[in-house]
Amino acid sequence: MFGLEIILGIIFEKIIEPVIQPVGRHAGFLFHYKRNLNNLEDEVNKLQEQRSDIEGKVNEANLQGDAIDNKVSVWLENADKTRKEVEVFRNEKTVEENMQLCFSFSCPNFISRYRLSKDAERKVVRVKDLTEKGGKIENGTVAHRREAPPEVVFRSGENYECFHSRDEVFKDIVKALKDPEVNMIGVYGTGGVGKTTTVTKVAEEVKKDGTFDEFVIAVVSKDANVIKIQEELAEHLNLTLSEKTERGRASRLWNRLNNGKKNLILLDDVWQELDLKEIGIPIIDENKSCNIVLTSRNRDVLKKMGVRKDFKIEILREEESWALFNNKVGNYVPQIARAVCEECQGLPVAINAIAAALKNKDMYAWEDALDKLRNSMLEDIEGIDRKVYASLKWSYDQLDSEDAKSCFLLCCLFPEDARIPIDDLVRYYMAGKNIRRDKKPDTLEIAFNRVHTVVGTLQSCSLLDVENYYGLGDVVKMHDVVRDVAISIAKGEKYSFLVKHGVKDWPEKSTYEQCSVISLRPRDMHEFPDELVCPALHTLRLDCTDEKSRLQVPDRFFSGTENLVVLDLNSVTMSPILPASLAKLAKLQMLCLDRCKLGDIAILKDLKDHLEILSLRRSNIKVLPQEVGELTRLRLLDMDGCEELEVIPKGVISKLLRLEELYMPGRFSQWEGTRADGTGSDISCVSLDELMSLTRLTTLYVCIPDPLLLPKDFTFENLVRFNIVVGGLGYPPYIVYSTGVLKLENIHLANPLERIGLYPSKSFSHLTNLSVRYCSCKYLFSPSSARGLVRLKRLSIWRCMDLEGVIGNEGEEDHEDIIPISFSRLSDLTLGDLPNLKSFYPKKEKKATSSESCSAHDAQMVLFNDKVMLY
């Protein structure tokens with residue numbers, strides 16, 4: 001019968017074809033029925049694959065905390081809608097094919113075929129259109145950085161105190177910002193009075209009520225660096241400035257800000273007149289899209305810039321000062337406290353510092369404080385009241401820990417308003433024996449813990465702010481007034497400091513020849529001196545980030561600095577070879593060449609007697625020479641961001657047996673066993689086995705592109721901080737500065753974790769972020785290993801087609817009386833595209849007896865059972 005149906009169909013088509021030819025393309029729907037249906041199936045399968053890939057990118061973006069682009073969300077909705085429509089179409093087609101055919105001898109239903117074929121062709125066009133749009137999404141970005149909440153962006157406003165004396169000025173500023181005739185206002189007052197805090201709180205209010213769509217802030221500071229201002233504005237606007245010239249960046253910013261939205265821009269801490277057009281801020285009379293707020297210590301600067309209205313932030317009234325002081329001191333407030341509070345001159349920055357220092361102190365400490373504050377005869381700092389200087393200097397003197405004092409002074413070496421990574425302070429602390437007065441820590445891990453403790457002390461004393469910043473991790477910031485005081489204190493210390501940023505000319509020899517610490521940030525400087533004669537110099541920091549062209553270090557530059565211990569160079573040129581005088585620094589313990597233009601660095605071998613910290617972060621180094629292997633005292637080697645690095649010869653890393661911290665470039669792929677063309681084996685390259693010889697490692701950042709390169713026993717016992725990627729290149733951007741990160745891709749092993757070097761070592765307990773993608777395994781953890789994940793915060797498992805459970809107990813006893821597996825710190829869990837997943841932790845199936853039967857209800861699996869606890 002079926003054969004007869006086919007024959008009759010062919011005959012019928014041959015008879016009817018000449019009749020319907022004039023109908024043209026309509027006949028095609030009938031004759032190409034099967035082809036159209038097959039095309040639809042093919043295109044839908046392509047669409048489904050594409051959707052899975054895009055959804056994977058979306059899930060990764062969600063883990064990063066980014067905001068998904070609207071076009072991506074719309075595309076996913078349309079893809080789902082189209083898929084459902086095709087599913088309905090399939091069902092309809094199946095029903096119609098199963099219906100009784102139109103002829104009694106079972107010939108095809110041509111009317112139905114014509115309609116289904118036509119409908120299929122329409123759907124093919126729509127699916128192809130979706131696939132084309134999806135291709136653009138796949139090759140682009142699916143998300144953008146989410147605007148940070150007020151508690152992150154407006155750090156200075158989170159502890160805002162509502163002072164009645166400022167109610168009126170607060171309301172007046174809000175009113176001015178809402179006035180359509182006013183597009184630029186100024187706020188002025190003495191340093192530390194609370195200008196930035198007040199303005200950011202105002203900004204929160206006018207953005208919340210819809211007056212403005214966006215609020216962005218840039219700190220100007222004394223040097224008024226246009227590039228720095230542009231980059232800071234762009235960062236808050238989620239804008240990448242790839243233009244090489246200031247004018248090009250200004251044009252890009254102008255167009256972004258002149259976009260029809262109501263934008264509020266805060267330029268904080270303005271010291272001199274600025275050209276807003278040069279920066280790229282649309283500030284013309286007919287422009288209604290931007291309002292600008294300027295803060296300054298000097299009202300005349302605001303007038304020169306043409307503000308329409310200006311407002312002064314006064315010092316606190318006596319009762320307000322006392323209320324703030326009383327609140328900070330806590331329970332024990334002696335009678336003398338009011339007199340101490342008066343010495344703070346109504347400035348919040350001084351009140352907070354003094355109150356924190358005297359909290360829980362005995363009466364003699366209060367009396368001593370009052371005496372010193374009343375009798376301090378100190379130099380004035382521009383824009384800062386002498387009493388404020390005295391109060392902050394006294395707070396510094398009250399620090400019991402010499403470590404805390406050293407760390408406080410170290411922070412002033414960095415630029416004003418800089419976010420200083422705590423890891424950088426650890427490195428300075430480890431090497432800076434003349435700054436640090438105590439015994440040198442035995443390990444970097446001890447130094448790490450000590451610096452974090454000290455930073456906590458300084459934070460509690462209101463001398464530092466601490467935050468976690470995207471892309472930098474844990475950072476500290478100094479209030480500009482506090483930094484000015486720190487620099488002034490450092491000048492008079494036994495080991496005198498010279499800190500000058502934004503300098504156009506190299507300082508006179510008489511100003512630095514007796515200094516022990518120098519920090520310079522040149523700007524528009526033509527050249528370095530041929531020779532720096534400073535025999536007392538212990539620490540030298542040169543940051544040329546602001547230079548339009550990198551300064552070249554002369555060959556004899558370091559000849560007169562034979563006692564140098566810490567050398568930190570940023571964005572300078574030292575090619576084709578390093579200066580010969582650098583090799584003469586026999587006492588050098590820390591050398592940072594971050595973002596430097598380097599050539600041959602082989603002469604570093606001459607520093608082998610003392611060098612312990614070598615940082616080449618984001619430099620253009622292409623080859624790590626064999627001679628680096630002679631630096632056998634190295635504790636830290638940082639090559640993070642050295643994306644041009646192509647060669648690390650075999651045997652160099654394995655010689656550095658004292659290494660405690662190793663940061664490999666995220667894109668480095670030339671391991672033994674691979675070559676650039678992906679074939680063969682290059683035995684002259686560094687091998688992963690060499691890493692295993694570094695038994696003192698506590699920190700490791702490494703990417704391993706091919707899982708097959710993993711040694712059988714790739715194990716590290718002492719890792720505390722790590723970022724390990726296996727099966728891919730590049731550290732995940734949202735966790736570059738996180739620790740305890742493990743990302744696995746394309747690993748086809750029964751238990752992939754057994755080959756990664758963490759489990760079953762104690763390092764496994766430090767795992768905080770785990771991402772597993774495209775891996776073939778039945779289970780990820782055993783019950784015992786899962787119980788070791790005490791710090792796990794993020795878990796992402798994606799497209800592991802064979803995965804049946806996250807935890808499996810095959811081959812391991814797990815009695816019912818064992819406590820449930822607890823993921824008490826887990827905050828993000830992503831499980832996606834796991835077709836065989838039965839349960840997070842499947843229960844072992846019990847063998848049924850002859851008297852037992854399994855119902856459908858018993859066979860159902862739940863994602864989480866009573867063995868797993870999530871909080």
Enquirer: With the side chain counted from C-beta on, respond yes when W671 and L691 share a heavy-atom pair under 4.5 Å apart, and no when they do not.
Expert: yes
Enquirer: Checking E467 side chain against V475 main chain: does a donor-acceptor pair fall under 3.5 Å?
Expert: no
Enquirer: Side-chain contact, heavy-atom cut-off 4.5 Å: R618 with C642?
Expert: no
Enquirer: What's the spacing between R787 CZ and I807 CD1 if we round to 0.5 Å?
Expert: 8.0 Å
Enquirer: To the nearest 0.5 angstrom, please state how far the CD atom of Q589 sits from the CD1 atom of I613.
Expert: 8.0 Å
Enquirer: Within the structure provided, determine whether C800 and V772 are in side-chain contact (heavy-atom separation under 4.5 Å).
Expert: yes
Enquirer: Is there side-chain contact between M664 and I648, with heavy atoms separated by less than 4.5 Å?
Expert: yes
Enquirer: Start with the C-alpha distance between E627 and L604, add both sets of side-chain angles, then the distance that settles side-chain contact (heavy atoms from CB on, under 4.5 Å), and finish with yes or no.
Expert: CA-CA 7 Å; E627 288 79 0; L604 291 182; over 6 Å; no
Enquirer: Is a side-chain donor-acceptor pair under 3.5 Å present for D403 with Y429?
Expert: yes
Enquirer: Is there a donor-acceptor pair under 3.5 Å between the side chain of E672 and the backbone N or O of S687?
Expert: no
Enquirer: Heavy atoms only: give me the nearest F823-F840 pair and the separation to one decimal.
Expert: CE1-CE2, 3.7 Å
Enquirer: Does R721 count as lying over the ring of F448, i.e. NZ or CZ under 6.0 Å from the six-ring centre, within 45 degrees of the axis?
Expert: yes
Enquirer: Between V702 and L662, is a side-chain contact (heavy atoms from CB on, under 4.5 Å) present by the stated rule, with each step listed?
Expert: CA-CA 8 Å; V702 64; L662 175 62; over 6 Å; no
Enquirer: Apply the test salt bridge (charged side-chain N to carboxylate O under 4.0 Å, His left out) to residues K622 and E646: give CA-CA distance (whole Å), side-chain angles for both, the deciding distance (0.1 Å), then the verdict.
Expert: CA-CA 5 Å; K622 294 179 173 59; E646 298 175 352; over 6 Å; no
Enquirer: Assess the residue pair Y428 and D568 against the criterion (side chain to side chain donor-acceptor pair (under 3.5 Å)); give the C-alpha distance rounded to whole Å, side-chain angles, the decisive distance to 0.1 Å, and a yes or no.
Expert: CA-CA 9 Å; Y428 268 84; D568 186 352; 2.7 Å; yes
Enquirer: Do side-chain atoms of N836 reach the backbone of M801 as a donor and acceptor pair under 3.5 angstrom?
Expert: yes
Enquirer: Set out, in order, the CA-CA distance, both residues' side-chain angles and the distance that settles side-chain contact (heavy atoms from CB on, under 4.5 Å) for L637 and L659, then state yes or no.
Expert: CA-CA 7 Å; L637 176 59; L659 270 187; 4.0 Å; yes
Enquirer: Taking all atoms of both residues into account, what is the closest heavy-atom pair of C703 and G728, and its distance?
Expert: CB-O, 3.9 Å
Enquirer: Taking side chain as C-beta onward, heavy atoms only, is K650 less than 4.5 Å from V686?
Expert: no
Enquirer: Which atom names give the shortest non-hydrogen contact between I137 and V72, and what distance separates them?
Expert: CG2-CG2, 4.0 Å
Enquirer: Look only at the side chain of T453 and the backbone of N449, and say whether a donor-acceptor pair between them is shorter than 3.5 Å.
Expert: yes
Enquirer: Against R51, only a single residue in E49, Q48, E55 fulfils side-chain hydrogen bond (donor to acceptor under 3.5 Å, both in side chains); can you say which?
Expert: E55
Enquirer: Between V725 and G730, which heavy-atom pair has the shortest distance, and what is it?
Expert: CG2-O, 4.0 Å
Enquirer: Does the side chain of Y774 reach to within under 4.5 Å of the side chain of R799, using non-hydrogen atoms?
Expert: yes
Enquirer: Quick one: SG on C407 to CG on L425, what's the gap to the nearest 0.5 Å?
Expert: 5.0 Å
Enquirer: May I ask you to check whether S615 and D594 show a side-chain donor-acceptor distance below 3.5 Å?
Expert: yes
Enquirer: Is any side-chain heavy atom of D474 closer than 4.5 Å to a side-chain heavy atom of H452?
Expert: yes
Enquirer: Check for a donor-acceptor pair, side chain of T632 on one end and backbone N or O of L656 on the other, with a separation under 3.5 Å.
Expert: no
Enquirer: So how far is it from D423 CG to Y663 OH, rounded to the nearest 0.5 Å?
Expert: 5.5 Å
Enquirer: As an exercise, state the distance from CZ of R794 to CG of L829, rounded to the nearest 0.5 Å.
Expert: 12.5 Å
Enquirer: What is the minimum heavy-atom distance between L837 and E804, and which atoms define it?
Expert: CD1-O, 3.5 Å
Enquirer: When you measure from the side chain of T698 to the backbone N and O of E660, does any donor-acceptor pair fall under 3.5 Å?
Expert: yes
Enquirer: Within this structure, what is the SG-CG distance for the pair C775 and L744, rounded to the nearest 0.5 Å?
Expert: 5.5 Å
Enquirer: Looking at side-chain heavy atoms only, is the closest gap between L700 and F716 below 4.5 Å?
Expert: yes
Enquirer: Checking T768 side chain against G740 main chain: does a donor-acceptor pair fall under 3.5 Å?
Expert: yes
Enquirer: Quick check: does any side chain N or O of R773 sit under 3.5 Å from a backbone N or O of W798, one acting as donor and the other as acceptor?
Expert: no
Enquirer: For S765 versus V790, what's the shortest heavy-atom pair and its separation?
Expert: O-CG2, 3.7 Å
Enquirer: Can you check side-chain contact (heavy atoms from CB on, under 4.5 Å) on L614 and D638, steps first, answer last?
Expert: CA-CA 6 Å; L614 175 61; D638 191 346; over 6 Å; no
